[in-house]
Amino acid sequence: MSDLFSGLEDLGFKDIKLNIYEKEQEARKNTETTVKTTDTFLYEKTFVCPVCEKEFKSKALKNGKTRRMGSDTDLMPIYQGPNPLFYDVHICPNCGYSALNQYFDKIKQEQALLIKAVISPKFRPKAYPETYDENIAIERYKLALLNAVVKKAKTSEKAFICLKIAWMYRLLKNFEEEKKFLEQAYIGFKEAFEKEAFPICGMDNYTLSYLIGELARRLGNNEEALLWFSKVIVTPGVNPRLKEMARDQKDLIKGM
């Protein structure tokens, strides 16, 4: 499992030997301000780190600077213009705490103590360029994943990060690494489906059922994929677009 965290050496972490999924054990608000334009489509968002309580700035995409054109079959959004996925992780340069934007301030005191004990002593801050690309995004997502494992985050949070890392590798056409992280997302989302309350990562029961089915299909687990797709297709009241997507992927398997 250590190679899942490869690429974090510049940030102070090497030879990481951690499993992403262990048995689960059961702040301050961020402030936002357009302080300085770093590029025509970026601004700096001001955070107060919920771990070390120090203020820092992190790049974010301005509203209206990109257009969503659709999505891939595993729900990866496809954009025209700058990719918001590159800027979804925020890293405190003081203590090394990092997380997806939607989870950044959702951290308990005992989790913050774990970050201080495990992440902060090793963390080395890094100066990033004005704009990010897939490789920078991967490094930042992996640091967020490491933080999530250390703080014993919900399985769904870890699975969601793994899915986004897989998407970044897809953009780079590195299909071997993509598959590795799709598998971790698949494992995590299946466990979350059984143990966590909905919505999960913003998804309802049937959206996640579809996603698990599509991840299973991409990993070659066609029989299991069909079971998840069928659940979406036969249930009354499910979004018609989601049912259509499930039928399309079921037909794709049947046509093989």
Side-chain angles (χ1 to χ4, degrees), residues 20-21 24 26-34 41-53 55-66 68 71-72 74-79 82-93 95-112 114-115 119 128 132 134 136-168 181 184-185 188-189 191-193 195-205 207-208 210-212 215:
I20 293 175
Y21 302 112
E24 298 293 331
E26 282 299 319
R28 289 190 189 179
K29 293 291 182 183
N30 299 328
T31 58
E32 187 172 314
T33 177
T34 307
F41 57 88
L42 296 174
Y43 72 100
E44 290 193 335
K45 183 174 181 179
T46 301
F47 288 83
V48 175
C49 177
V51 172
C52 68
E53 301 187 340
E55 188 176 283
F56 70 97
K57 294 177 175 63
S58 183
K59 290 183 177 69
L61 198 63
K62 294 177 183 177
N63 291 333
K65 293 298 180 180
T66 192
R68 180 163 176 165
S71 61
D72 207 339
D74 63 352
L75 309 183
M76 180 183 83
I78 299 171
Y79 295 100
N83 194 332
L85 293 171
F86 295 171
Y87 303 93
D88 195 26
V89 172
H90 302 298
I91 301 173
C92 174
C95 69
Y97 171 60
S98 62
L100 298 182
N101 181 60
Q102 70 192 80
Y103 297 114
F104 190 82
D105 62 351
K106 297 177 175 66
I107 183 170
K108 299 175 183 177
Q109 184 177 9
E110 58 268 28
Q111 292 177 313
L114 288 170
I115 299 300
I119 297 292
Y128 287 102
Y132 300 163
E134 294 88 350
I136 291 174
I138 287 168
E139 179 179 85
R140 294 172 68 88
Y141 278 121
K142 284 187 176 183
L143 184 61
L145 180 60
L146 179 59
N147 270 261
V149 172
V150 167
K151 73 180 182 183
K152 303 184 187 303
K154 284 185 176 181
T155 298
S156 58
E157 181 178 345
K158 293 180 283 191
F160 201 27
I161 299 170
C162 288
L163 181 60
K164 292 192 172 193
I165 295 173
W167 291 346
M168 294 299 99
F181 282 94
Q184 292 300 316
F189 279 131
E191 182 177 329
F193 189 95
K195 296 182 178 180
E196 296 183 22
F198 285 90
I200 291 175
C201 300
M203 293 179 281
D204 63 19
N205 182 307
T207 303
L208 184 55
Y210 167 82
L211 177 59
I212 293 171
L215 293 176

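The figures that follow rest on heavy atoms only: side chains count, while hydrogens, waters and symmetry mates do not.
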Separation of [Y] [atom2] from [X] [atom1] (nearest 0.5 Å):
| X | Y | atom1 | atom2 | answer |
| --- | --- | --- | --- | --- |
| I119 | K151 | CD1 | NZ | 10.5 Å |
| N101 | L61 | CG | CG | 11.5 Å |
| Y210 | D74 | OH | CG | 7.5 Å |
| F160 | M203 | CZ | CE | 6.0 Å |
| F181 | K142 | CZ | NZ | 4.5 Å |
| D88 | K164 | CG | NZ | 3.5 Å |

What heavy-atom pair brings [X] and [Y] nearest, and what distance separates the two atoms?
| X | Y | value |
| --- | --- | --- |
| R68 | L75 | NH2-O, 4.3 Å |
| K59 | H90 | O-CE1, 3.7 Å |
| Y141 | L85 | OH-O, 2.6 Å |
| S58 | R140 | OG-NH2, 3.9 Å |
| Q111 | K106 | OE1-O, 4.3 Å |
| I78 | D72 | CD1-N, 3.8 Å |

| message | Does the plane of the ring in F56 sit parallel, tilted or perpendicular to the ring in F47? Use 30° and 60° as the thresholds. | response |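 Plane angle under 30°, so parallel.
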Report yes if some heavy atom in the side chain of [X] is under 4.5 Å from a heavy atom in the side chain of [Y]; otherwise report no.
| X | Y | result |
| --- | --- | --- |
| F104 | V89 | no |
| V150 | L146 | yes |
| Y97 | C52 | no |
| I161 | I20 | no |
| L215 | L163 | yes |
| T155 | Y21 | yes |

Within the distance-only criterion (no hydrogens, no angle test), does the side chain of [X] pair as donor or acceptor with the backbone N or O of [Y] below 3.5 angstrom?
| X | Y | value |
| --- | --- | --- |
| T66 | P82 | yes |
| K45 | A60 | no |
| Y87 | Y132 | yes |
| E157 | Y103 | no |
| S98 | L143 | yes |

